[in-house]
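Below is one structure, written out as structure tokens, with a few remarks after it.
So you know, we letter chains A, B, ... as the sequences are listed, proteins then strands, and number each from 1.
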There are 2 protein chains.
Amino acid sequence: MDERVREHAEVLVDWSARVEAGDDVVVSVAEDAHELGVAVAGALGERGANVTTLYGSAELSRAYLKGAEAGADDGRDGDGGDEDDGNGSDEDDGNESDADGVPDFDDDPAVERALFAAADAYLRIGGGRNTTATADVSSETRQAYAKARKGVREARMDTDWVSTVHPTRSLAQQAEMAYEEYREFVYDAVLRDWEALADEMASMKDALDDGETVRIVTERDDAPDTDIEMSIAGRTAVNSAASVAYDSHNLPSGEVFTAPYDTEGEAFFDVPMTIDATRVRGVHLVFEDGEVVDFSAGAGEDALASVLDTDPGARRLGELGIGMNRGIDRFTDSILFDEKMGDTVHLAVGRAYDACLPDGESGNDSAVHVDMISDVSADSRLEIDGEVVQRDGTFRWEDGFDG
Amino acid sequence: MDERVREHAEVLVDWSARVEAGDDVVVSVAEDAHELGVAVAGALGERGANVTTLYGSAELSRAYLKGAEAGADDGRDGDGGDEDDGNGSDEDDGNESDADGVPDFDDDPAVERALFAAADAYLRIGGGRNTTATADVSSETRQAYAKARKGVREARMDTDWVSTVHPTRSLAQQAEMAYEEYREFVYDAVLRDWEALADEMASMKDALDDGETVRIVTERDDAPDTDIEMSIAGRTAVNSAASVAYDSHNLPSGEVFTAPYDTEGEAFFDVPMTIDATRVRGVHLVFEDGEVVDFSAGAGEDALASVLDTDPGARRLGELGIGMNRGIDRFTDSILFDEKMGDTVHLAVGRAYDACLPDGESGNDSAVHVDMISDVSADSRLEIDGEVVQRDGTFRWEDGFDG
């Protein structure tokens, strides 16, 4: 086994999830993530943890959802419009369909609920065979399934969960990279000195926690200017150092983020992204009184519009994030990596994270949370309360900073 | 997808496990069983069941157990003989080791217990990449793990569980067959008219239920004779028709079995078997007063001796089984298939199945249950209470029977 796979497993188990002897750990292994799964199982055995392994297969999910669609169609035909299914039982409701043929999923699946309720930690290892494996499942069916599984998702989020990926050919393809090249990329991002990065990120967190307003400015010849200001007074930044000990649940991570409000100005996002399988590029947003009042995109504007129209919260910012992982040196069309890249900042419309808010207070609420990324490596500055904290990608505590 | 894979999934879900809408189903998918896993997920979606998918990887199990061994060694070294691990906690007991370095596994793993307790059905789809994937795990570690997981196993057995295999190259290799040839073999065994076979097997069950003694005789020039008699009075035969509705948990199945006692005589088993990774051939057993008093084997006699010495019950019969699946036409070194083959009978030393016993009565008890198979296609007869029921493989209700 490649030594880097073993190191990846150790970072995941020890630094990220902080697994201890006796912990009950659920591991989900994607179709082509077997090798990292083996390394993680070995590390968990050595730590004296209990392990339950799920098969995180997008192709099985697709088959299940398509099967449910077929069952819902059959059910509708069989019922002939009669709401009573004829067996007089309320329990057999798993396969009923509503009027439009969308499956009616059980919103309290007993096994998964019990599974996550009993788990101390959940390690999700992505890395399938086809990033578009569920492309032909209708969005109505996906939404119905996601809605029914809200309880399971919440039980999962209540564990010490961490999400990572094993480098696969399918992910290399999505990143437009050769397989070996992509493996180098992933291990550069994952196998960092996390303790040292956490220390550095603490400086950024302190600056944000102490500050009241953030302003981001970029001025470039080849793109619309960004000049946007937002309030962060009373909000707490998260030092997302790829460990549950830092309220951070992604490996790799390496960003500091907070929950802004009262946004004014306009921002341009030069990094492409994928929204609901649509490629979106060159997003431009104009904010007034905290809300998006105008927008455009060079490609995928309809997908952007659909996000912004989801609910009132989808037009307000939920996150300001500052990428600080310099092991990530290119965009790979994966938010797990892109938003943590050094020399980038991102803003998300939609839901804010509770960790950034005072206890008991709720921030911007929305069914969506869509990150948009800007390269700030040149012609750019980030100010807190009027003081430049980052210029052209360099932070004020770094060598070469030119305030 | 090969239509036979889809049919296999339908037999498993509908005939074997009797899954209904709203059922909570746990599916375990082995490393190379992805394709059947996809078909099963589709069928379960169509039936309106909930699905939780486990990854049944022997390589992950091996890594976990080897990791636990390494942890136990570390623990022993680290403790320096001191029984107190220094952290003053009784909870962190998952990684302690006993004196001989064998891992001390948690005997109440919360997640798996909760998982199976909440499940209505459990579908195990075998089919890994290497049937000897755990060969280098010590037998002490395996036994410690199996012992610790007794509760999980019992919870699993309390569900409507069914075990099957997807044909893989690794299983083809174990069967000494080409891959395409092995696929034909598996589907011939699995895709039967189970309803018709269940009807036929009912005749055998009736004969055994009504009978008091069974005698099996084979006389061949090239092998030791078999002439063995056993009592079955008061015992109930199981019509193992590959469905939980028949107390049958294997797909394929196709055998009728009961729990004999008071065995006298001698028996020769000409079908090779694998006991604890050792190939065993030409087993000869001599019974007096229900117990094995003499034994020999053409190969693997030590492995046989070790089975018979496990405990007192290991020297008595736990099962008499009559193979009736004529879709299985050769031995493949897999008990899932071998013992169901038409024209064979098998006897098992060790544990008897509760389903064969009067309510509340316990039969032969042992930690082992080892099946041994005889070809009865020629020079052979099976008598119940002195009446010939099967001669040279042909049952008395079949054409060509020569009583």
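Heavy atoms of other residues, nucleotides or ligands lying less than 6.0 angstrom from CD of A/Q173 number 12 at most. For B/E3, the CD atom sits in a packed shell: over 12 heavy atoms of surrounding residues, nucleotides or ligands are nearer than 6.0 Å. Under a cut-off of 6.0 angstrom, the local environment of CZ in A/R153 is crowded, with over 12 non-hydrogen atoms contributed by other residues, nucleotides or ligands.
Within the 4.5 angstrom heavy-atom criterion, no atom of B/R149 approaches chain A. Only the side chain of B/E31 comes within contact range of chain A, with at least one heavy atom under 4.5 Å from a heavy atom of that chain. Interface residue B/T52: backbone and side-chain heavy atoms are both found under 4.5 Å from chain A. Contacts of B/V111 with chain A are made by both backbone and side-chain atoms, with heavy-atom separations under 4.5 Å. For B/V29, the part lying under 4.5 angstrom from a heavy atom of chain A is the side chain only. For A/V26, the part lying near chain B is the side chain, with the backbone staying farther off; criterion is any non-hydrogen pair under 4.5 Å.
For the pair A/R129 and B/H34, the minimum side-chain heavy-atom distance is below 4.5 Å. For the pair B/L115/A/E112, no side-chain contact is recorded, criterion being any heavy-atom separation below 4.5 Å from C-beta on. The side-chain heavy atoms of A/T53 and B/L54, taken from C-beta on, include no pair separated by under 4.5 Å.
In terms of heavy atoms, B/A41 sits closest to A/L60 at CB-O, 3.6 Å. The minimum heavy-atom distance between B/N50 and A/Y64, with the atom names listed, is CA-OH, 3.8 Å.
Between chain A and the residues B/V51, B/L65, B/V40, B/L44, the largest count of heavy-atom pairs under 4.5 Å involves B/V51. Heavy-atom pairs under 4.5 Å with chain B were tallied for A/A63, A/G37, A/S61; the largest tally goes to A/A63. Here B/A110 is the residue among B/A114, B/S28, B/A110 with the most heavy-atom pairs under 4.5 Å with chain A. Per-residue heavy-atom pair counts under 4.5 Å with chain A were compared for B/P109, B/A43, B/A117, and the maximum is reached by B/P109.
Using a 30° and 60° split on the angle between ring planes, B/Y55 and A/Y55 fall in the parallel class, below 30°.
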